[in-house]
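Here's the structure, in structure tokens; my notes come after.
Chain letters run A, B, ... following the sequence lines, proteins first and then strands; every chain starts at 1. Side chains included, hydrogens not; waters and symmetry mates left out as well; all remaining heavy atoms used. What you are looking at is a predicted structure, and each value in this text was computed from that prediction instead of being measured.
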Amino acid sequence: MNRSRFLLGTVAGLSVAANANNLFGMALAQPVLPGLPGGVDDRVLIVINLQGGNDGLNTIVPHGMPSYYRYRPTLGIAPGDVLQIDRNVGFNPEMKSLKSLYDAGNVAIVQGAGYPAPDHSHFRSTEIWQTAEPEHYETTGWVGRYLDGAGLPESNLFNAVALAPVLPEVMIGRKVDVPAIAALAGFGLSSDRNASERGTFASMDKTGSMPFSSPYLATVATIEDHAQRGSEELPKLIAGYKTSASYPATPLGRSLALAAQIVGSRLGTRVIYVQHGSFDTHAAQKGTQDRLLREFSDGIAAFYQDLAAHGNEKRVLTMTFSEFGRRVAENGSRGTDHGEAAPMFLIGGGLKGGLYGDQPSLEDLDNGDAKFTVDFRSVYATVIEKWFARPTAGVLAGTFPTMRIFA
Amino acid sequence: MNMQASSSFRPPGSLPSNPLAPYGGAWSPRLAAHLLRRAGFGGSPSDRAHYASISCSDAVAALVHFPEMPQYPEPQLVEGQYPMPGAGVGADPAARMALRDARRQQTIANASWWLDRMLVTPAPLQEKMTLFLHGHFATATNTKGIYGLDIVDQNELFRKYALGNWRELTHYVARDRAMLKWLDNARSVKAHPNENFARELMELFTLGIGNYTETDVRESARAFTGFTFARRDGAFYFNDRQHDDGSKTFLGRTGNFNGDDIIDIIFSQPAAPKLFASKLLEFFVYSEPEPELVDAVAELIRKNDFVMAPVMSTLFRSNVFYSERSYRALVKSPIEFVIGTYQLFGVSSVKPAVLGALNRMGQVPFRPPSVKGWDGGAQWLNTQTMLARENFASSFMAAPEMAQSGSWLTAGVPANANDATQRLVGTILQGDASDVARAKLASYLDGNGTSADGALSAENFEERMHGAAYLTMAMPAYQLS
């Protein structure tokens with residue numbers, strides 16, 4: 001949405017603020033997502049960012065490659081400890097819960113995901129994965145562009161949600177505004193005193209003629225409006241959801257519990273962003289990565305248990321990404337430096353589990369790093385075309401072969 | 001939500017022809033408040049009145065040439081420091097729990113210490129530059145072995161060099177214990193150089209992406225091997241047995257470089273003053289500054305050999321700084337928002353609970369999200385952080401220390417609701433509110449928006465003024481600097 005249209009939308013939004021209940025009420029009362037259960041309009045994507053660059057080699061371990069043990073004299077995971085998938089690869093021993101989901105056919109592992117001319121900077125490479133634009137700087141994210149083109153109702157403040165304190169670039173579009181929610185507690189105006197002032201606050205003109213101009217003025221005014229309306233409505237909209245799943249008491253566990261609640265409350269939410277980390281293990285990697293992988297694996301298991309208890313497990317596809325894998329050879333600090341290719345996980349009740357893509361060679365390295373075998377944009381294209389049944393035009397620049405991961 | 005992608009946050013209009021020439025226009029309370037927000041944290045109403053009463057040039061001189069500071073006491077040391085904190089705790093769960101708790105307490109003590117110092121300092125620009133440098137060489141505590149006063153010592157380094165020579169500062173940053181731990185250089189050895197510090201030194205601290213190659217990263221990492229600290233007392237120490245003294249080729253030059261050579265080569269690159277110019281403009285003037293403006297400030301930095309006092313003097317006296325395009329053109333950071341509010345209402349000590357509020361707003365001192373620091377600008381603004389700002393303002397107005405502050409807010413019963421509105425909008429926003437917002441505020445003060453208590457009176461005015469101050473702080477202008 002361009003600035004002027006956006007502002008019109010804002011002013012209109014302010015004038016109907018008092019009717020916000022009706023808008024949300026409507027969203028709840030009618031089938032938000034017309035179509036058959038499990039139809040494409042009912043589907044949700046959970047994007048999990050494994051922040052900091054997860055070491056792929058110690059996540060899906062190539063225990064069948066002798067050179068792995070040469071490169072990893074202290075960090076290498078012994079074949080007997082690996083949760084073996086086959087003679088070549090297997091899960092990190094901390095990922096028992098995810099291995100069970102894998103054995104049940106609910107996990108697709110895309111090996112060797114990456115992109116050409118990989119960047120070793122956290123920030124640039126994170127940006128590349130989020131914008132899906134390795135060659136130039138782009139200011140919108142691929143999810144944001146998907147949302148813009150998906151014909152979603154502008155009245156719904158929860159078309160997508162970022163469970164993060166800061167809105168990640170992947171969720172930024174030109175049209176659809178995505179709320180950032182760090183946690184449900186604290187997402188709201190707090191004190192009772194506020195309640196007596198809320199009427200004045202809500203009716204206070206925030207965009208009217210000001211004795212100054214600022215390039216940020218319209219943004220501030222809009223966010224104040226959305227924050228106030230969204231925070232009043234979200235807790236009410238999801239209050240009816242009950243769960244007996246037991247999530248790990250970690251930030252990721254709490255985010256996934258909230259994600260299941262949002263999914264189960266059927267707000268028309270298409271994409272939920274969740275983050276987990278930091279995987280930036282330059283030193284003493286084992287303790288940190290083991291803990292993070294265990295939290296991830298156990299969190300995902302609780303999430304799908306919760307979803308399944310409400311019949312939602314086939315509606316929800318989870319996809320992980322991380323800005324890069326790590327250097328094949330460990331460094332002198334029992335850690336690993338920034339590298340290149342690494343596996344991605346796709347998880348859900350509606351996919352065909354297994355291994356996809358080729359495990360990168362450890363004999364033919366790119367200056368010490370594993371070379372990518374699957375362009376990550378192929379995975380995005382698969383999600384856009386096969387999961388959301390949308391064309392990739394306008395979302396991805398160029399065409400990328402899709403993968404046959406859905407049954 | 002967040003709109004930064006779909007629009008530019010550079011102010012509309014064009015750059016004045018002599019952007020860095022001294023501002024010759026009228027000096028006013030409004031511009032004095034602008035200067036104090038940017039070169040400090042906003043100050044009290046009497047600070048602002050003082051700066052408005054002297055000339056622009058004198059005001060800037062007073063900020064830049066601050067007096068030698070009296071000794072400021074260090075934060076209380078909760079946990080042990082050196083030799084190595086936590087040594088000897090072993091596997092005993094109770095002892096480990098106690099250590100974790102001590103570290104958490106120390107983190108709180110350190111952050112509160114700095115916030116208090118920002119609040120009461122007689123040299124606000126020194127603290128503001130220290131905050132800039134903390135975001136620039138962003139290092140977090142209570143992680144990666146950075147405990148005790150490690151981060152405070154780094155902070156004192158930034159304070160010492162706040163307006164000093166930043167090339168020299170960078171040499172000390174490479175020796176700083178917290179940085180050596182944070183980016184792993186303390187463990188970087190000849191046989192296995194760790195690239196983390198070498199990469200961020202160029203990417204984030206000095207040159208920016210595109211101004212060096214992967215080979216430069218690897219070669220400079222070799223040059224920094226052996227830069228470490230003594231486990232005994234935490235002091236920097238150059239371990240020549242672990243230093244790779246072989247030949248390196250770095251940014252087109254070849255020699256047996258060490259880390260100091262690398263820093264000097266970096267600072268001779270044209271990209272270095274440009275990176276600092278761009279970051280200073282984004283932090284102190286406005287977002288997405290024009291390339292011509294960046295170049296002009298870069299030239300100023302180069303000409304002054306990275307000594308910042310004359311650079312900041314020029315910037316704070318310049319045409320571009322006082323142009324309407326710069327006015328309220330930045331988003332206040334959470335720290336500016338909080339410290340500015342304390343100063344505005346004369347509350348002179350920060351409660352540790354404010355750290356929770358800062359966390360919800362997205363900025364805790366000594367806990368940047370990554371080595372990239374805080375992005376700032378539109379990144380400060382989303383549904384979550386906006387609610388946190390409003391909730392902070394609301395609870396601040398309800399806090400007992402506010403009631404006891406004897407603030408201007410309730411000094412004297414206002415004649416009527418319009419008079420009260422004038423006091424609020426004038427002092428909190430320098431008048432930067434729309435007529436509609438003023439009318440709503442006056443209506444609230446007269447009881448129309450709240451209860452049946454009736455018009456503003458001597459009985460209800462304190463309560464009403466506190467509520468109205470919260471509403472005024474929730475207005476857009478108060479989010480902007």
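- Heavy atoms of B/Leu330 lying under 4.5 Å from chain A belong exclusively to its backbone.
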Practice task
I would like to know whether B/Asn194 and A/His282 meet side-chain contact (heavy atoms from CB on, under 4.5 Å); could you show each step before the answer?
Solution key: CA-CA 8 Å; B/Asn194 189 307; A/His282 286 278; 3.9 Å; yes
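- Separation of atoms CZ (B/Arg328) and OG (A/Ser213) is listed at 12.0 Å; rounding is to 0.5 Å.
- Using a 4.5 Å heavy-atom threshold, the side chains of A/Phe123 and B/Val371 count as touching.
- By number of non-hydrogen pairs under 4.5 angstrom with chain A, the leading residue of B/Arg389, B/Arg10, B/Glu203 is B/Glu203.
- The backbone N or O of A/Pro165 lies less than 3.5 Å from a partner atom in the side chain of B/Asn382, making a donor-acceptor pair.
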Exercise for the section: I would like to know whether A/Asp119 and B/Ile209 meet side-chain contact (heavy atoms from CB on, under 4.5 Å); could you show each step before the answer? Expected result: CA-CA 10 Å; A/Asp119 199 294; B/Ile209 246 170; 4.1 Å; yes
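- In terms of modelled atom types and a separation under 3.5 Å, the side chain of B/Thr383 and the main chain of A/Pro179 share no donor-acceptor contact.
- Using a 4.5 Å cut-off on side-chain heavy atoms (C-beta onward), A/Glu224 and B/Pro476 make contact.
- Using a 4.5 Å cut-off between heavy atoms, B/Ser370 touches chain A through its side chain atoms alone.
- Chosen from A/Ile181, A/Thr288, A/Asp280, the residue pairing most often with chain B at heavy-atom distances under 4.5 Å is A/Ile181.
- With rounding to the nearest 0.5 angstrom, the OG atom of B/Ser434 is 9.5 Å from the CZ atom of A/Phe212.
- With a threshold of 4.5 angstrom between heavy atoms, A/Asn367 approaches chain B through its backbone and through its side chain.
- Neither the backbone nor the side chain of B/Ala186 comes within less than 4.5 Å of any heavy atom of chain A.
- Contact annotation for A/Glu138: neither backbone nor side-chain heavy atoms come within less than 4.5 Å of a heavy atom of chain B.
- Between chain A and the options B/Gln479, B/Arg325, B/Arg218, heavy-atom pairs under 4.5 Å are most frequent for B/Arg218.
- Top candidate by heavy-atom pairs under 4.5 Å with chain A, chosen from B/Leu480, B/Asp432, B/Asp184, B/Val189, is B/Asp432.
- In the displayed structure, B/Arg30 atom CZ is contacted under 6.0 Å by more than 12 heavy atoms of other residues, nucleotides or ligands.
- Look at B/Glu195 and A/Arg327 and you find a salt bridge, because one of the NZ, NE, NH1 or NH2 atoms lies within 4.0 Å of a carboxylate O, short of that distance.
- Residues B/Ala378 and A/Tyr216 come closest through the heavy atom pair N-CE2, 3.6 Å.
- Minimum heavy-atom separation, B/Gly431 to A/Pro211: O-CG, 3.4 Å.
- Donor-acceptor pairing under 3.5 Å is lacking for the side chains of B/Arg187 and A/Asn331.
- Every residue two or more places apart in sequence or in another chain that forms a side-chain hydrogen bond (donor to acceptor under 3.5 Å, both in side chains) with A/Arg145 is listed here: A/Thr140.
- Taken from CZ in B/Arg199 to OG in A/Ser121, the straight-line distance is 7.5 Å, to the nearest 0.5 Å.
- Among A/Ser231, A/Ala284, A/Ala160, the residue making the largest number of heavy-atom pairs under 4.5 Å with chain B is A/Ser231.
- Residues B/Tyr327 and A/Ser214 have side chains that never bring a donor and an acceptor to within less than 3.5 angstrom of each other.
- Contacts of B/Arg438 with chain A are absent, with no heavy-atom separation under 4.5 Å from either backbone or side chain.
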Problem - Residues A/His338, B/Asn196; criterion side-chain contact (heavy atoms from CB on, under 4.5 Å); working and verdict - result: CA-CA 8 Å; A/His338 303 179; B/Asn196 207 7; 4.3 Å; yes
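- Side-chain contact check for B/Met386 versus A/His226: every heavy-atom pair is 4.5 Å or farther apart.
- Chain A forms the most heavy-atom pairs under 4.5 Å with one residue out of B/Ala191, B/Ala433, B/Pro369, and that residue is B/Ala433.
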